[in-house]
Amino acid sequence: MAYRRPRGTRDYLPEECEERRAVLEGLREVFELYGYGEVVTPAFEHLELLVAKAGEEVKEQIYWFEDKAGRKLGLRFELTTPIARIVAERPTLPKPIRFYYIQPVWRYEEPQRGRLREFWQAGVELIGVKEVWGDAEVVALLVNALRRVGLSSFKVHVNDRRVAEGLLSWAGIPRHALGDALRAVDKLERRGAEYVRERLRELGAEPGKIEQLMDILTRSELAELAEMDLGSEAREGVKSLEQLMEELEEGYGLADYIKVDLSVVRGLDYYTSLVYEVKVSGAEGLGSVAGGGRYDDLIELVGGPPLPATGMAIGVERLVEALRAQGALSRGRGRRGVIVIPVNAQYRRDAIRVAEELRRRGVSAVVELTGRRLSTALEAADKRGFRYAVIVGGREVESGLLTVRDLEKWKEERAPLSSVASMAAQ
RNA sequence: GCCCCGGUGGUGUAGCCCGGUCCAACACGCCGGCCUGUGGAGCCGGAGAACCCGGGUUCAAAUCCCGGCCGGGGCCCCA
């Protein structure tokens, strides 16, 4: 075999495309029901922009190159930054802005289960609403989009960075180690409590407080936090988490899908307060199916006006995988379409005319072009999953009545083209 | 970048541990014949792999050893 596809990429054949398209259309439908408008951005951006918020280390994950004029460009690895750029470039767009996108992104990583080098993200950004009800709208939209495409037994694990940082500071972690400590906490679920405990100790947590911290992280009770002295930032965070839960319950009736989880942190550095990830039970190995949060500084950072923003992104391939694991994909929708088979080469043009007429009437029709004998052609048509075979030969041409074989019932009848069309249209 | 596992026709596998009987087998798929207007079948036939590449051991290697490449999974990070 001469060539194979590049590492970490995938091909989609018609059957899989159909599966994917159904999912994508469901997501799009919900995005639009909430009044979000689609945006399409270039596959590549100036490298500087991509690196701006994420830091140099993310550069390792960017496919980047110099163009012929020596400009440094990079393939986008998420959509939030390109959208921030759009907004920064057009400061007069009426606020609030509601954008959605369904596009591929690229990351240079080692591929494995649930991790590709090219994958699609479907997400939304709500720009210009600083209050927690903006976050609530986005989270509700996320939950309803996932429900719409048939996902079940999932929860949005929400947290607030300010709370996580407040807790860690309270436990004695010095400021410069906060990043590492957050990453350690993030691994609570994957690596277990013992690992986190050990890491926190190494990073300077007071031994006396570690146990209490672990306890709080595990139970994630907001009420307890409210009574602790975590500093004003964290207090704000706790308050807004409480408000978010209330908003989602009272406004959207979605409290069952949300869970406070103080161990959720997320890597991208631009999140300023709320962060969340969607976890699907039964598909844990996939990683999170979707994630998001609030990024109030990013647009200003890329040269725009200060604008609060909140958004989320769904990993399309992971979502499809999770749906597959749940048996929720509508695969193989049964027999479809018509194949028109000329009885022999002499009737090929007649068959083509019949097919064209069917197509004019909105019926998907294929002409048997191989010249294989009728019985073989019928057998092949059956295997390929056609619903009807229309046989065209001398008898049909003379009488004007087509021979139609229902490949599902394996029954045959004579009928005029118009009724073949209406049969097949159903 | 690191760690683990793997690499036999288009696909999935058998064979590898216990070298020769393997010019590599089976199933599915593909093409055709039986069948010149109709057998969702069956039977028959055909195309398609020098067993990832290179080196080594041996009288002899798909089978053992080393290196490389590629793929999958894990770490990390994330969707």
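Order of the sequence lines sets the chain letters (A, B, ...), proteins ahead of strands, with each chain counted from 1. None of the values given here were measured: they were computed from a predicted structure.
Nucleotides of RNA chain B nearest to A:L286 and A:P6 differ in position, and the one nearer the 5' end is that of A:P6. Between A:T376 and A:S288, it is A:T376 whose nearest contact on RNA chain B lies nearer the 5' terminus.
Sorted by residue number, the list of members of residues 138-148 of chain A with any non-hydrogen atom under 4.0 Å from RNA chain B is empty. Non-hydrogen atoms lying under 4.0 Å from RNA chain B are contributed by A:E109, A:E110, A:Q112, A:R113, A:G114, A:R115, A:L116, A:F119, A:Q121, all within residues 109-122 of chain A.
Partner assigned to B:rA50 is none, using Watson-Crick or G-U wobble distances below 3.5 angstrom. The partner of B:rU36 is absent, by the rule that a Watson-Crick or G-U pair needs both atom distances under 3.5 Å. Searching all strands for a Watson-Crick or G-U wobble partner of B:rC2 with both distances below 3.5 Å returns B:rG74. The nucleotide B:rC69 finds its pairing partner in B:rG7, both defining distances of the Watson-Crick or G-U wobble pair being shorter than 3.5 Å. Applying the Watson-Crick and G-U wobble criteria (two distances, each under 3.5 Å), B:rA62 pairs with nothing in any strand. When both distances must be under 3.5 Å, the Watson-Crick or G-U wobble mate of B:rG19 does not exist. Pairing partner, B:rG45: B:rC31, with both Watson-Crick or wobble hydrogen-bond distances short of 3.5 Å. Look at B:rA25: its Watson-Crick or wobble partner, with both distances under 3.5 angstrom, is B:rU13.
Between the P atoms of B:rC31 and B:rC23, the separation comes to 31 Å (whole Å). B:rC18 and B:rG6 are spaced 16 Å apart, taking the P atom of each and rounding to whole Å. Distance check on atom C1': B:rC17 versus B:rC59 gives 23 Å, rounded to whole Å. B:rG9 sits 14 Å from B:rU63 when the P atoms are compared, rounded to a whole Å. The same atom, P, is picked in B:rC65 and in B:rC26; the two are 29 Å apart, to the nearest Å. Nucleotides B:rU8 and B:rC51 are separated by 4 Å at their C1' atoms, to the nearest Å. Using atom P as the reference point in both B:rG54 and B:rA62, the two lie 13 Å apart (nearest Å). The P atoms of B:rA27 and B:rG46 are separated by 14 Å, rounded to the nearest whole Å.
Whole-Å rounding puts the A:Y270 OH to B:rA79 C1' distance at 11 Å. Distance CE (A:M312) to C1' (B:rA79): 12 Å, rounded to an integer number of Å. Rounded to whole angstrom, the span from the CG atom of A:D186 across to the C1' atom of B:rA79 amounts to 14 Å. Between the P atom of B:rG33 and the CZ atom of A:R372 lies a distance of 10 Å, rounded to the nearest Å. One interatomic measurement links the two molecules: CD of A:Q61 to C1' of B:rG1, which rounds to 12 Å at whole-angstrom precision. Whole-Å rounding puts the A:E277 CD to B:rA79 P distance at 7 Å. Note: CZ (A:R199) to P (B:rC75) measures 16 Å, nearest angstrom. Summarising the geometry, the separation between CD1 on A:I62 and C1' on B:rA79 is reported as 16 Å, rounded to the nearest angstrom.
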Exercise for review: Give the B/S/- string for nucleotides 37-48 of chain B, one per nucleotide from 5' to 3', where a protein heavy atom under 4.0 Å of the base yields B, of only the sugar-phosphate yields S, and otherwise -.
Suggested key: BBSBS-------
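Put simply, the side chain of A:Q326 never gets that close to the backbone of A:A328: no donor and acceptor are under 3.5 Å apart. For the pair A:E368 (side chain) and A:T370 (backbone), a donor-acceptor distance under 3.5 Å is present. Distance alone, capped at 3.5 Å, places no donor-acceptor pair between the A:R201 side chain and the A:P207 backbone.
Between A:E211 and A:R197 there is a salt bridge, with a side-chain nitrogen of the basic residue lying less than 4.0 Å from a carboxylate oxygen of the acidic one. Of the charged side-chain nitrogens involved, none lies within less than 4.0 Å of a carboxylate oxygen, so that A:R117 and A:E109 do not count as a salt-bridged pair. Between A:D406 and A:R387 there is a salt bridge, since a side-chain N of the basic residue sits under 4.0 Å from a carboxylate O of the acidic one. The pair A:R76-A:E45 does not count as a salt bridge, with every side-chain nitrogen at least 4.0 angstrom from each carboxylate oxygen. Salt-bridge formation is not detected for the pair A:R353/A:E357: no Lys NZ or Arg NE/NH1/NH2 atom is positioned less than 4.0 Å from an Asp or Glu carboxylate oxygen. In summary, A:R28 and A:E38 engage in a salt bridge, as defined by a charged side-chain N under 4.0 Å from a carboxylate O. Here A:E89 pairs with A:R85 in a salt bridge; the nearest charged N to carboxylate O distance falls below 4.0 Å. Between A:R10 and A:E317 there is no salt bridge, since no side-chain N of the basic residue sits under 4.0 Å from a carboxylate O of the acidic one. Between A:D350 and A:R348, none of the side-chain N atoms (NZ, or NE/NH1/NH2) sits under 4.0 Å from a carboxylate O, so this pair counts as no salt bridge. Taking the charged nitrogens against the carboxylate oxygens, A:R162 and A:D160 do have a contact shorter than 4.0 Å, which makes a salt bridge.
A:R5 has no side-chain polar atom (N or O) that falls below the 4.0 Å cut-off from OP1 or OP2 of B:rG71. For the pair A:K187 and B:rC75, the criterion of a side-chain N or O lying under 4.0 Å from OP1 or OP2 is not met.
Heavy-atom contacts from other residues, nucleotides or ligands closer than 6.0 Å to NZ of A:K130 number 12 or fewer.
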